[in-house]
Amino acid sequence: MRIINKLLVCYIILMSPINGYAQDDTVSVSDVDFIHYHAELEPNFKEKSLKGTVKVKFVPRTQKLRNLTFSAKYKQIKSVYIDGKVAQYLLSDEQLTVNFQQELEINRNYSLKVEYSATPKRGMKFYDDHIFTVYHTKNWLVSHNNISDKSTFDLVLTHDANMTTVGNGRLVSRKVLENNKVISHWQQDMSMPLYTFGFAIGKLETLTIKTNSADIVVLYRAEHSSGLTPKLIKEAFADVADMLSFYESKAGFSLNQNSYNYVVVDGYMAQEASGFSLVGEKFVHTVLEDENENWFIAHELAHEWWGNSVTCANFSHFWLNEGLVQFLVAVYKQHLFGEQAYKNELNVAVRRVERAVKENRVAPVAFHDEIEEQEINRTMAYSKGALVFYMLREKLGDEFFWKALKQYTQTYKNKSVTTQNLKFTIEQISGTDLTHFFDKWVYGQEIPNLNL
Ligand SMILES: [Zn+2]
């Protein structure tokens with residue numbers, strides 16, 4: 001994450017009403033607000049590449065902005081325009097730096113257009129009959145890389161007429177061209193973190209599961225490639241309607257779109273985007289053999305609220321995306337299968353943490369200071385993070401815990417959060433001072449000794 005002219009400011013200055021002390025989490029704020037992306041792309045299955053244009057609307061939030069940097073990894077840049085005029089740019093260290101002839105005006109809308117092609121070695125998977133994006137969007141899209149700067153997204157894909165597409169938001173048009181090609185236009189109206197931008201294209205069957213809220217649409221390869229039939233898909237996703245209403249009740253608000261798509265792709269995959277996720281055929285077969293293995297369906301759906309809507313402000317608070325979702329998968333299993341399933345799921349986390357301790361891979365779950373993505377200790381963020389939520393639930397009791405989680409989710413809907421936001425909300429709801437708890441278990445490295 002390299003945003004030039006970074007300003008370090010205090011994101012929150014929280015005075016806890018209970019202890020009177022503030023302990024701030026620090027978040028660097030970009031000098032630019034990225035508002036909207038409009039990409040027009042045509043992937044090439046055989047060459048494992050794509051080409052097209054991206055237009056980025058942005059607003060400078062500081063004076064004297066003279067340049068902007070975007071990811072150019074795996075890309076060839078053809079041309080760059082700012083407000084319709086040719087712009088100067090430099091390519092170095094896999095980054096595109098656009099230089100402006102004069103300082104940009106603060107709080108004015110600008111439009112940057114980049115023509116490019118890409119051969120993404122990461123961030124996209126290519127097969128003969130389907131392709132899809134995976135983490136991270138910057139590998140196939142010229143884009144910024146600030147996790148807390150959310151944008152809306154229009155994606156216009158040109159593809160073969162016998163293929164189906166899935167993108168973020170909703171499909172607003174599908175135009176058939178004369179050359180056996182189709183242009184599919186997807187639109188995401190709600191601002192989302194950039195890493196949730198993605199798409200899938202393939203020869204896919206669809207199965208729609210009606211729920212009281214959004215429709216769940218499962219897209220999958222035909223039986224001869226995937227071994228999956230409509231009957232098997234129905235069986236594998238049997239609990240998804242219940243899952244959706246369960247998470248909606250915990251979050252306190254429903255999905256903000258009419259349908260949610262699961263794209264079942266080759267291999268082992270579990271990757272959320274916004275409005276859809278990519279799940280692997282291998283995992284689908286696993287759940288058909290053992291219904292307890294439905295974690296990937298639950299995990300990616302839960303990210304719609306925790307991760308996509310309520311997003312960690314930087315990687316120091318990544319556990320608010322992943323630890324919480326791991327915990328909520330365990331809670332969903334408790335709801336569906338009973339107490340033992342809850343404990344079993346949490347025990348997986350206990351064992352992962354134990355292994356990390358043995359291998360000397362211990363770190364805090366969250367940090368007051370900002371860390372880079374590569375500094376994340378995933379076992380701490382995912383597994384110890386889940387256990388911290390378990391401990392909070394035990395400490396507060398169900399009434400306060402769920403009330404606080406709902407309050408937190410509703411308060412920070414479509415926003416970015418730090419650990420202090422969570423702590424503050426729980427303290428407000430429960431009237432319990434959690435400074436010691438958070439210092440010990442979250443900002444500290446102490447490992448809980450849990451007998452589940
Ligand atoms: Zn996740």
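Because the structure is predicted, anything quoted here is derived from the model rather than measured. Just follow the structure's listing: the first ligand is 1, and inside any ligand the first atom is 1.
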Row check, Trp402 ring normal vs Lys250 NZ/CZ: under 6.0 Å, within 45°: yes

Would you give me the side-chain donor-acceptor pairs under 3.5 Å for residues 189-208, sequence neighbours excluded?
from   : atom 1 : to     : atom 2 : distance (Å)
Tyr195 : OH     : Gly307 : O      : 3.3
Tyr195 : OH     : Asn321 : ND2    : 3.3
Thr196 : OG1    : Pro193 : O      : 2.7

Throw together a table of side-chain donor-acceptor distances under 3.5 angstrom for residues 275-288, partners on residues two or more places apart or in other chains.
from   : atom 1 : to     : atom 2 : distance (Å)
Ser277 : OG     : Tyr260 : OH     : 3.0
Glu281 : OE1    : Arg221 : NH2    : 3.1
Glu281 : OE2    : Arg221 : NE     : 2.8
Glu281 : OE2    : Arg221 : NH2    : 3.3
His285 : NE2    : Ser226 : O      : 2.8
Thr286 : OG1    : Lys282 : O      : 2.7

Closer than 2.8 Å to the Zn ion (ligand 1) - protein N, O or S atoms, ordered by chain and residue number: His299 NE2, His303 NE2, Glu322 OE1, Glu322 OE2

Salt-bridge contact Lys333-Glu345 (side-chain N to carboxylate O under 4.0 Å): yes

salt_bridge(Lys403, Glu399) N-O dist < 4.0 Å: no

Sequence-distant partners of Arg361, salt bridge (Lys or Arg N to Asp or Glu O under 4.0 Å), two or more places apart: Glu359

